[in-house]
Trainee: 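Have a look at this one before I ask anything.
In what follows, chains are A, B, ... by sequence order, proteins preceding strands, each numbered from 1. Atoms considered below: every heavy atom in the structure, side chains included; atoms not considered: hydrogens, waters and symmetry mates.
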Amino acid sequence: MYSSVIVPLVYLLAAVLFIFGLKFMAHPRTAVRGNLFGALGMLLAVLITLIDLVRFEFIVGGVLVGAVVGGLLAVKIQMTAMPQLVGLFNGFGGGASVLVAGASMLVVGSEVAASEAGGGLYVMLTATALSGLIGAVTFWGSLVAFGKLQELDWFRKPFHVPAQQLINALLLLATLGLAVWMITSDSEMARGWLYLGIVLLASVLGVFLVNPIGGADMPVVIALLNSYSGLAAAATGFVIDNNVLIIAGSLVGASGIILTQIMCKAMNRSLGNVLFGVLDAGGLAGSADEMYATVRSTSADDIAMLLDGAQRVVFVPGYGMAVAQAQHAVRDLGRMIEDRGGVVEYAIHPVAGRMPGHMNVLLAEADVDYEQLKEMDEINPTMGTVDVAIVLGANDVVNPLARTDPDSPIAGMPIIDVDKARTVIIIKRSLSPGFAGIPNPLFAADNAMMFFGDGQKAILDIVSAVKEL
Amino acid sequence: MPAAVLLVFVLACAVLGYRVIAAVPPLLHTPLMSGMNALSGITLLVALSALSHEEPGSLLALAAVVLATGNVVGGFWVTERMLRMFHQRGKQEAEE
């Protein structure tokens with residue numbers, strides 16, 4: 001009675017709490033409650049699971065270590081480093097699925113085999129193989145993504161593997177071959193070794209898949225690995241036929257896929273192109289010097305003057321703002337403009353930063369009112385009425401070539417139309433190209449001025465110049 | 001519970017979940033992802049059960065418990081920390 005009725009009911013209740021929690025994530029006012037709902041669902045599910053269990057010394061020990069590690073990461077992490085943390089947690093999820101599916105096969109495998117008909121065993125073994133495959137790809141792929149985001153020396157330059165895609169395809173085929181062998185094998189012992197083989201091959205595949213992918217494509221990779229970590233958990237749910245795992249895992253999988261789609265759309269590229277394609281620098285690369293012949297640079301004092309008369313100012317932040325930790329200085333400048341009667345908004349491109357929503361979190365941390373954070377589609381139609389647009393550490397997402405040059409590698413990518421503002425100020429260290437490797441005609445436009453320098457220092461200089469007005 | 005009922009329930013959750021997630025605004029996509037990290041720690045349930053058995057696999061289960069708990073605790077915590085940062089000016093002073 002207890003374990004056959006009450007436990008599944010509580011699990012279903014947990015699943016319902018997860019979904020309601022997600023519903024509350026639709027608005028920042030209710031989102032904290034949403035997160036609490038999710039946590040409550042998880043707590044209920046864990047408590048009801050614990051009631052049946054023994055060997056608490058191991059359980060308490062494992063939970064304590066995990067809680068301390070997770071808690072420390074959550075409290076200590078800088079908001080600029082959120083992409084790394086989510087990347088690392090994606091890896092934890094994948095790793096846990098690999099281990100759990102393996103442990104379940106070793107521990108429960110024979111019991112299931114003995115008590116259930118062939119169908120049950122095949123389903124379980126198929127799910128185990130999938131958990132091992134997806135989980136290992138996620139674990140190692142996420143570690144490589146973490147290394148790249150953290151800019152560890154090892155990961156600065158992707159190592160070159162000849163015929164990478166052919167090797168990846170062969171690795172996948174070999175992994176699937178081992179999976180079929182494992183599923184059809186009769187020996188408990190052989191299955192264990194075959195599972196190990198699946199995990200090893202999938203680990204290499206995970207490293208190879210993420211290795212060639214560059215910085216600005218990281219939002220897609222992080223979202224995709226987020227999705228995989230959920231799919232691995234869902235597969236684990238099929239291993240032991242547990243509905244709450246299947247539901248929660250599917251939710252995570254769906255979320256990651258939705259975000260992946262949004263990111264790809266925001267770059268006008270297919271997922272295949274992001275994962276396997278190489279961005280070619282456009283034909284214009286050679287003519288950069290010519291294009292930049294008319295670039296004008298400006299000073300903090302001139303910008304302060306300009307801002308003094310501005311009614312509407314829009315900031316366009318990119319990854320450079322995170323690198324320069326300039327969000328607090330930006331907030332200060334924004335407040336000063338508001339104090340002088342101007343309207344300040346922030347235009348956020350979906351792929352600005354290294355993960356979906358990255359810029360929003362940074363600005364929220366700096367205490368910017370979230371009503372001022374505008375999506376691209378919301379702000380573009382009114383860009384013509386903006387007096388001053390300040391581009392800070394963004395490049396490709398404001399490059400008008402996306403609209404005008406059909407041969408450009410970023411052709412068709414939706415951009416923030418800062419070139420339509422009356423005046424554009426671009427704060428940047430140099431005229432070097434962005435991730436796409438192409439020059440940006442915006443820098444030389446008639447209404448544009450460059451302010452060269454480190455993002456944070458540049459904004460602080462403007463702040464003091466405005467003070468002196 | 002009959003398998004058919006469960007299947008319908010699971011499917012309903014999947015459909016509903018997709019729609020609910022699609023409605024989360026880009027503003028909150030980072031906390032959405034970290035919250036999803038916490039949810040993927042649901043494998044903790046299985047890891048705990050496996051750890052409860054005295055079998056050779058339980059060492060794997062112990063490692064899984066550590067990783068999954070890390071995800072659950074870290075994921076929900078950092079999501080909470082981020083979400084608390086989103087506020088409207090004016091309202092924020094009223095709350096404090």
Trainee: If you count every heavy atom of other residues, nucleotides or ligands that lies below 6.0 Å from A:Phe58 atom CZ, does the total exceed 12?
Mentor: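 Atom CZ in A:Phe58 is not packed in, count stays at 12 or less.
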
Trainee: Could you give me the CA-CA distance, side-chain angles and deciding distance for A:Arg29 and B:Gln88, then say whether side chain to side chain contact (heavy atoms under 4.5 Å, CB included) is met?
Mentor: CA-CA 9 Å; A:Arg29 256 200 311 275; B:Gln88 286 169 290; 3.8 Å; yes

Trainee: Which one wins on heavy-atom pair count under 4.5 Å against chain A: B:Thr79, B:Leu39, B:Leu59?
Mentor: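 Most heavy-atom pairs within the cutoff with chain A belong to B:Leu39.
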
Trainee: Which answer fits A:Thr236, side chain, backbone, both or neither, if we ask what part of it has an atom under 4.5 Å from a heavy atom of chain B?
Mentor: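 The side chain, not the backbone.
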
Trainee: Heavy-atom cut-off 4.5 Å, strictly under: side chain, backbone, both or neither for A:Phe56 against chain B?
Mentor: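 Contact with chain B: none, neither part.
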
Trainee: Is it true that a side-chain atom of B:Thr69 and a backbone atom of A:Ala67 form a donor plus acceptor pair closer than 3.5 Å?
Mentor: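 Here the side-chain-to-backbone pair does not exist.
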
Trainee: Got A:Arg55 and B:Ser58 here, is their nearest side-chain heavy-atom distance under 4.5 Å?
Mentor: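 Yes - at least one pair of side-chain heavy atoms lies under 4.5 Å apart.
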
Trainee: Heavy-atom pairs under 4.5 Å with chain B are the metric here; pick the option from A:Ile19, A:Leu50, A:Ile348 that has the most.
Mentor: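 Highest number of heavy-atom pairs under 4.5 Å: A:Ile19.
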
Trainee: State, to 0.1 Å, how close A:Tyr370 and B:Phe86 come at their nearest heavy-atom pair, and which atoms those are.
Mentor: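 It is CD2-C, 3.8 Å.
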
Trainee: Tell me the closest heavy-atom pair linking A:Asn226 and B:Met33, and the distance in Å.
Mentor: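 Answer, listing the atom of A:Asn226 first, then B:Met33: ND2-O, 3.7 Å.
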
Trainee: Based on non-hydrogen pairs under 4.5 Å, which of A:Val100, A:Ile247, A:Leu73, A:Asn35 is most in contact with chain B?
Mentor: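 Maximum pair count with chain B is reached by A:Asn35.
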
Trainee: Looking at A:Leu22 and B:Ile21, what are the two nearest heavy atoms and their distance?
Mentor: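 The pair with the smallest heavy-atom distance is CD1-CG1, 3.8 Å.
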
Trainee: Tell me, side chain or backbone of A:Arg354 under 4.5 Å from chain B's heavy atoms, or both, or neither?
Mentor: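 Nothing of A:Arg354, per the 4.5 Å heavy-atom cut-off to chain B.
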
Trainee: Can you tell me how far the CE atom of B:Met82 sits from the CD1 atom of A:Ile77, to the nearest 0.5 Å?
Mentor: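 Going from CE on B:Met82 over to CD1 on A:Ile77, the span is 9.5 Å.
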
Trainee: So for A:Pro28, is it side chain, backbone, both, or neither that comes closer than 4.5 Å to the heavy atoms of chain B?
Mentor: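 Both parts, heavy atoms under 4.5 Å.
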
Trainee: Using non-hydrogen atoms only, which part of A:Val98 is less than 4.5 Å away from chain B: side chain, backbone, both, or neither?
Mentor: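 Answer is neither: A:Val98 stays 4.5 Å or more from chain B.
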
Trainee: Looking at chain B, which one of A:Leu36, A:Leu64, A:Asn90 has the largest number of heavy-atom pairs inside 4.5 Å, strictly under?
Mentor: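 The candidate making the most pairs under 4.5 Å is A:Asn90.
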
Trainee: What's the shortest heavy-atom distance between B:Thr43 and A:Ala96, and which atoms?
Mentor: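 It is OG1-CB, 3.8 Å.
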
Trainee: Got a donor-acceptor contact below 3.5 angstrom from the B:Ser52 side chain to the A:Val54 backbone?
Mentor: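 Checking the backbone N and O of A:Val54 against the side chain of B:Ser52, a donor-acceptor pair under 3.5 Å is found.
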
Trainee: Does any backbone or side-chain atom of A:Val244 lie under 4.5 Å from a heavy atom of chain B? Answer side chain, backbone, both or neither.
Mentor: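 Both backbone and side chain.
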
Trainee: So which heavy atom on A:Gly62 is nearest to which on B:Val66, and how close?
Mentor: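 Shortest heavy-atom contact: O-CG2, 3.6 Å.
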
Trainee: Where on A:Met25 is there a heavy atom nearer than 4.5 Å to chain B: the side chain, the backbone, both, or neither?
Mentor: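 Interface part for A:Met25: both.
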
Trainee: Does A:Phe139, at its CZ atom, have more than 12 non-hydrogen atoms belonging to other residues, nucleotides or ligands within less than 6.0 Å?
Mentor: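 Counting other residues, nucleotides and ligands, CZ of A:Phe139 exceeds 12 neighbours.
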
Trainee: Nearest 0.5 Å please: distance from the CE atom of B:Met85 over to the CG atom of A:Leu362.
Mentor: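 Here the rounded value is 9.5 Å.
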
Trainee: Taking C-beta and beyond as the side chain, do A:Asn360 and B:His29 meet within less than 4.5 Å on heavy atoms?
Mentor: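 A side-chain contact is absent here, since even the closest heavy-atom pair is not under 4.5 Å.
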
Trainee: Which answer fits A:Ala234, side chain, backbone, both or neither, if we ask what part of it has an atom under 4.5 Å from a heavy atom of chain B?
Mentor: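 Contact with chain B is absent: no heavy atom of A:Ala234 under 4.5 Å.
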
Trainee: Can you tell me which of A:Ala233, A:Gly357, A:Ala74 forms the most heavy-atom pairs within a distance under 4.5 Å of chain B?
Mentor: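 Between A:Ala233, A:Gly357, A:Ala74, the count favours A:Ala74.
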
Trainee: Could you have a look at B:Ala14, B:Cys13, B:Gly17 and say which one has the most heavy-atom pairs with chain A under 4.5 angstrom?
Mentor: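 Looking at each of B:Ala14, B:Cys13, B:Gly17 in turn, B:Cys13 comes out on top.
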
Trainee: I need the residue from A:Lys23, A:Met79, A:His27 with the largest number of non-hydrogen atom pairs under 4.5 Å to chain B.
Mentor: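 The candidate making the most pairs under 4.5 Å is A:Met79.
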
Trainee: For A:Val86, is it the side chain, the backbone, both or neither that has a heavy atom under 4.5 Å from a heavy atom of chain B?
Mentor: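 Its backbone and side chain both get close to chain B.
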
Trainee: Can you tell which part of B:Ala47 gets under 4.5 Å to a heavy atom of chain A, answering side chain, backbone, both or neither?
Mentor: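 It is both, since atoms from each part get that close.
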
Trainee: Output yes when a side-chain donor or acceptor of B:Arg84 lies under 3.5 Å from a complementary backbone atom of A:Val32, and no otherwise.
Mentor: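 No.
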
Trainee: What part of B:Val72 is in contact with chain A, defined as an atom under 4.5 angstrom from a non-hydrogen atom: side chain, backbone, both or neither?
Mentor: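 Side chain of B:Val72 only, per the 4.5 Å heavy-atom cut-off to chain A.
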
Trainee: Do B:Ser34 and A:Leu85 make a side-chain contact, defined as non-hydrogen atoms from C-beta onward lying under 4.5 Å apart?
Mentor: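 B:Ser34 vs A:Leu85: side chains apart.
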
Trainee: Given a strict heavy-atom distance threshold of 4.5 Å, which part of B:Leu48 is in contact with chain A: side chain, backbone, both, or neither?
Mentor: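 Looking at B:Leu48, backbone and side chain both touch chain A.
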
Trainee: Determine the option with the most heavy-atom pairs under 4.5 angstrom with chain A, choosing from B:Leu32, B:Leu11, B:Leu16.
Mentor: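 The answer is B:Leu32.
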
Trainee: For a quick test of reading the model, state the closest non-hydrogen atom pair linking A:Phe89 to B:Gly70 and the distance between them.
Mentor: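 Heavy atoms of A:Phe89 and B:Gly70 come nearest at CE2-O, 3.9 Å.
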
Trainee: A:Glu375 versus chain B, heavy atoms under 4.5 Å apart: side chain, backbone, both or neither?
Mentor: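 For A:Glu375, the contact with chain B is made by the side chain alone.
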
Trainee: Quick one: CG on B:Leu27 to CD on A:Glu371, what's the gap to the nearest 0.5 Å?
Mentor: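 Output value for this atom pair is 9.0 Å.
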
Trainee: First locate atom CG of A:Leu43, then atom CZ of B:Phe76, and finally report the distance between them rounded to the nearest 0.5 Å.
Mentor: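 It comes to 9.5 Å.
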
Trainee: Let's test your reading of the structure: which of A:Leu245, A:Asn242, A:Leu88, A:Leu259 forms the most heavy-atom pairs below 4.5 Å with chain B?
Mentor: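 The residue among A:Leu245, A:Asn242, A:Leu88, A:Leu259 with the greatest pair count is A:Leu245.
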
Trainee: I'd like to know which of B:Leu62, B:Val78, B:Asn37 tops the heavy-atom pair count under 4.5 Å against chain A.
Mentor: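 So the answer, after comparing B:Leu62, B:Val78, B:Asn37, is B:Asn37.
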
Trainee: So which of B:Ile42, B:Val73, B:Leu45 actually passes side chain to side chain contact (heavy atoms under 4.5 Å, CB included) with A:Met42?
Mentor: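 Answer after filtering B:Ile42, B:Val73, B:Leu45: B:Ile42.
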
Trainee: Determine the option with the most heavy-atom pairs under 4.5 angstrom with chain A, choosing from B:Leu44, B:Val65, B:Val46.
Mentor: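 With the most close heavy-atom pairs to chain A, the winner is B:Val46.
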
Trainee: Taking CZ in A:Phe24 as the centre, count heavy atoms belonging to other residues, nucleotides or ligands within less than 6.0 Å. Is the count above 12?
Mentor: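 More than 12 heavy atoms, drawn from other residues, nucleotides or ligands, come within 6.0 Å of this atom.
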
